[in-house]
Number of protein chains: 2
Amino acid sequence: MSTTTLWDVSANNQPHRGHPARSTLADVARLAGVSGSTASIAFSGDGSISAATREKVLKAAAELNYYGPDPRAKSLRQGRSGIVGVVLEDRIIHSFRDPMTIAALDGISQEIGEGGGMLLLTATGVGEPSIQTAVFDAAIFLGCSPHLAGSITVMRQRNVPMVAIEGQHFDGVVAVDLDNRKAAAVMAQHVYDLGHRLVATVTLPLDARRELRALTPADLETATTAVSRDRLEGARAVYPSVTGFVTSTSSSDDGFAAALLLLDVAPDARPTAIIAQSDLIAVGVIRAAEALGLLVPHDVTVVGFDGARIEGFTHHDLTTMVQPATEKGRAAGRAVTELLAGEASPDVAFTCRLHVGDTAAPPTAVAR
Amino acid sequence: MSTTTLWDVSANNQPHRGHPARSTLADVARLAGVSGSTASIAFSGDGSISAATREKVLKAAAELNYYGPDPRAKSLRQGRSGIVGVVLEDRIIHSFRDPMTIAALDGISQEIGEGGGMLLLTATGVGEPSIQTAVFDAAIFLGCSPHLAGSITVMRQRNVPMVAIEGQHFDGVVAVDLDNRKAAAVMAQHVYDLGHRLVATVTLPLDARRELRALTPADLETATTAVSRDRLEGARAVYPSVTGFVTSTSSSDDGFAAALLLLDVAPDARPTAIIAQSDLIAVGVIRAAEALGLLVPHDVTVVGFDGARIEGFTHHDLTTMVQPATEKGRAAGRAVTELLAGEASPDVAFTCRLHVGDTAAPPTAVAR
DNA sequence: CTGTTAGCGCGTTCAT
DNA sequence: ATGAACGCGCTAACAG
């Protein structure tokens, strides 16, 4: 039997390459002269244990440079890792440049808190390693992607609780929604009520194509991104034939470029108002207008969407629909926490609020 | 023997609570009539296997709704998870609001790529669950924190490869550095050469205190944040007795507040130049100056640090030190990849570049 | 090309 | 309060 023990100790412990062998909880237990389960309890603090034995165990651990259970083994044994997977739309870089995504991530982090970490993933399709092989206990889908359905199938099989922020509704997936369509309609109506009749829009990306391009009538049918499609539908509810441009990503650069194309035309063909689907885009539109010598809102009305507080953009107070972006993230984080605790969690729906700034005004009579 | 098999199948399979029992690779193997290892190979594609057997296994898997190996078990067995832990300074929210941190995260994500995810953690000290219990194979410390040394001790014991961006140097931790001290000195010299003699600074947080406050002579000694201390030292090299304010976080709001305190004084006590430790702060300083009716750079010179492209801030071209923030992240990501492959990875040092914009000019004679 | 064997490191029953 | 066994789900060796 002593043979077994000796052989068991750490003979075939091959960590990485030439590194000193790590000590395990079993080593600690042996040195402390207690059994494995007792040592385990000393660390997890779960069962009952005498203060003296715990001391003994901790001392042995210190001696062996043992700093606690291996997260991987623990995670296998307990069936959970404490990690929440946050599935981002496509390239992580896009997400990081979007204030709304950042705000949502921020909200999520507030709720899942210090205990667990957020694992950032991208949904690049089923069969893709990341989402199938990554270790996490729950998933939050941030922004819908064409791959959403596939990802959900896999996760469902794995019994992973799921929350989708502004995605399509799926069975067993908690939805955190925003009234994009209605809010966009409210904004369009606001512009309409000011008297604008010749209006253009600059939308967020509508599908997987990532290029600045003209909006086509077919886009409403073929759109795969729910958020931008809903906002476009909202605008269409007031301006049924509105045209404009589709950006490659929510950025002021794309807003700038699109607005140059829209505004650098004969005065009587020039739209008197531009409805941007994000504040970042709207800022670019305003910059373009000013670069062309047009005054906002005197010559052209510009409205945005999001209520992003854009650093340094201070000479205007953008008229926009303010959305509770951080709150969305918090709700998703809370839902995940509840689901992991085995509780049910209801869908949540958030609404936007019209913020009337100084970038929208009635069209100037002279201009027409 | 059939008893054993039956009992083995899924009798004590208790996933979460009432959920249908997940099938395991063993179930698939049994149904396909092959051994476990063969089934494993069918999924991992590692060993050699006949197309026919693989088909058989995949068919059995489909029948059982089996979508691939459990990441937790796989990770325990292989000793790695494919996850890179990114340890952020303190509250995740602070990091998300800082363009330089975002850029670095972006760079990291570019290098570690689709395969693995980034696990965002905060270093709240040893004993704190997150860093000790989280599953990851390598750690990147983003911005030094007071807890850095402790975190490193734990990770070292766990044989986790480590990279520190702009942290102190530790044995066995790859350093990705920026020449903060020298760059700050270059910038201060630039201001000096323009003729400024009465100069103030607005620094990033110097220690764990998170409040806007006056800079004191003791701060250089007690500072725990290397980046801001180095930048302050650089400024002190040119202006040995420079005073000013310490912000609570890199934001234009804090820059605004600090600048109001610095500039709203008698004209002959007013600094002719303000050296901000970040562009965000500088933007706030400029806003404050303009709010007080001062012209930049005519009445007051303002310089920043970072080279952040701040959305919508366009009426000035900020004079600043441009740092390769995304590149820093990429270097860290690359280092981690190399370390995980068992290769050595050298330290990397980046340098800043002076960008001369239009916010710095010689002091106006009338003002003195 | 496939099957057998032996754990990865831990937590969790049962006993005592 | 403590110890002995067992297996979470999978894969790396080796044998055939």
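Note: hydrogens, waters and symmetry copies are ignored here, and every other heavy atom, side chains too, is used. Order of the sequence lines fixes the chain letters, A, B, ..., with proteins taken first and strands second; residue numbering starts at 1 for each chain.
Residue contacts for A/Y66: at a heavy-atom cut-off of 4.0 Å it reaches the sugar-phosphate backbone alone, with no base atom in range. B/L76 comes within 4.0 angstrom of a base, heavy atoms only.
The CG atom of A/L119 sits 7.0 Å away from atom CZ of A/F136, with the distance rounded to the nearest 0.5 Å. Between A/L120 atom CG and A/L88 atom CG the span is 5.0 Å, to the nearest 0.5 Å. How far OG1 of B/T101 is from CG of B/D106: 12.0 Å, rounded to the nearest 0.5 Å.
In this structure, of C/dG11, C/dT2, D/dA12, it is D/dA12 that holds the atom nearest to the side chain of B/R77. Here the nucleotide nearest the side chain of B/I49, chosen from D/dC8, C/dT2, D/dC10, is C/dT2. Here the side chain of B/T38 is nearest to one of C/dG3, C/dG9, C/dC8, namely C/dG3. When distances run from any side-chain atom of B/K74 to the nucleotides D/dT11, C/dG11, D/dG9, the shortest one goes to D/dT11.
One donor-acceptor pair, N or O on each side, does fall under 3.5 Å between the base of D/dG3 and the side chain of A/S37.
Along DNA chain D, the nucleotide closest to A/V34 and the one closest to B/S44 are compared, and the more 5′ of them pairs with A/V34.
We find that CZ of B/F43 is positioned 14 Å from C1' of D/dT11, with the value rounded to whole Å. Summarising the geometry, the separation between CZ on A/R30 and P on D/dA4 is reported as 12 Å, rounded to the nearest angstrom. Following rounding to the nearest Å, B/I41 (CD1) and C/dC1 (P) show an atom-to-atom distance of 11 Å. The distance from atom CZ of A/R72 to atom C1' of D/dC10 is 14 Å, rounded to the nearest whole Å. As rounded to whole Å, 12 Å separates atom P of C/dT12 from atom CG of A/L25. Summarising the geometry, the separation between CZ on A/R158 and C1' on D/dG9 is reported as 12 Å, rounded to the nearest angstrom.
Between B/R72 and A/D137, the closest side-chain pair of non-hydrogen atoms falls below 4.5 Å.
In this structure, A/T53 reaches the D/dT2 phosphate: one of its side-chain N or O atoms is under 4.0 Å from OP1 or OP2. For B/Q78 and C/dC8, the shortest distance from a side-chain N or O to OP1 or OP2 is not below 4.0 Å. Applying the 4.0 Å criterion to OP1 and OP2 of D/dT11, one finds that B/S40 has a side-chain N or O inside that range.
Among B/T133, B/V135, B/L76, the one residue that satisfies the side chain to side chain contact (heavy atoms under 4.5 Å, CB included) test with A/P71 is B/V135.
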